[in-house]
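The analysis underlying the following values was restricted to heavy atoms, covering all of them including side chains, and did not include hydrogens, waters or symmetry mates. Chain identifiers are assigned alphabetically (A, B, ...) following the order of the sequence lines, protein sequences preceding nucleic acid strands; residue numbering begins at 1 within each chain.
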Amino acid sequence: MNYWLMKSEPDAFSIDDLKNRPDRTEPWDGVRNYQARNFMRDEMKVGDRIFFYHSNCKVPGIVGIATVASEPYPDRWQFDPDSKYYDPKSDPDNPRWILVDVKYERHLDRVLSLNEIKEHAEALGDFALTRRGNRLSIMPVDDAQWDYLLGLEKQ
DNA sequence: GCCAACGTTGGC
DNA sequence: GCCAACGTTGGC
């Protein structure tokens, strides 16, 4: 099983929004970055676990856990001219933007803020989230980092 | 709201 | 293929 971290702006789509969806599941649409797409298209497997991260908000940080809930499939908004995610260059026979469904698992007992995570940079080792200038919205988390961060939750 | 970082676009 | 211009991300 692989582990991931996925960012979302809570004003746009929060972990509570995910929890309140039918079946607690939502397509992770709107990703328009190739690296992030490649993770969803090529590497994610149903059942993989995800840290749900709130970005661009008062206290950015990990707020909960979700799981990968579908095989990869095309993001339908790329073909909708009225959508802000419309991509006229995407070929319907070979869609450019691929996503997976994500399912709510639980909130963490407390928010693991970016500040706190940074304090543990040494223990976490090379971690995309704390790398300088990082803007990736989907990134891998290794086993040790996953366990370490979950350990922080209980402190 | 500011701005650093960085990805994308498009002219050449 | 280079690179300047531009747009977006996201912390602060």
Asker: Just checking Leu129(A): base, sugar-phosphate only, or nothing, at a heavy-atom cut-off of under 4.0 Å?
Answerer: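 Since no nucleic acid heavy atom lies under 4.0 Å of Leu129(A), the category is nothing.
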Asker: Considering every strand and a 4.0 Å limit on heavy-atom distances, what is the contact class for Lys118(A): base, sugar-phosphate, or nothing?
Answerer: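 Sugar-phosphate, no base atom in range.
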Asker: Transitively linked via ILVMFWY side-chain contacts under 4.5 Å: Trp28(A) with Val46(A)?
Answerer: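 Looking at the clustering, Val46(A) is in a separate group from Trp28(A).
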Asker: Scan side-chain atoms only and decide if Thr67(A) and Glu105(A) contain a donor-acceptor pair under the 3.5 Å cut-off.
Answerer: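 Short answer, no.
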Asker: Taking atom types as modelled, is there a side-chain donor on Asp87(A) or Gln78(A) under 3.5 Å from an acceptor on the other?
Answerer: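 On atom types as modelled, these side chains do not qualify, holding no pair under 3.5 Å.
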Asker: First contact, last contact: which nucleotides of DNA chain C are these for chain A, 5' to 3', heavy-atom distance under 4.0 Å?
Answerer: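 Here the contact window of chain A covers dG7(C) to dC12(C).
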Asker: Any chance the rings of Phe39(A) and Trp4(A) have centres within less than 6.0 Å?
Answerer: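 Yes, the ring of Phe39(A) comes within the 6.0 Å limit of the ring of Trp4(A), centre to centre.
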Asker: Is a side-chain donor-acceptor pair under 3.5 Å present for Tyr73(A) with Asp101(A)?
Answerer: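 Yes, a side-chain donor-acceptor pair sits under 3.5 Å.
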Asker: DNA chain B: Asn56(A) or Asn134(A), which has the more 5' nearest nucleotide?
Answerer: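 This one resolves to Asn56(A).
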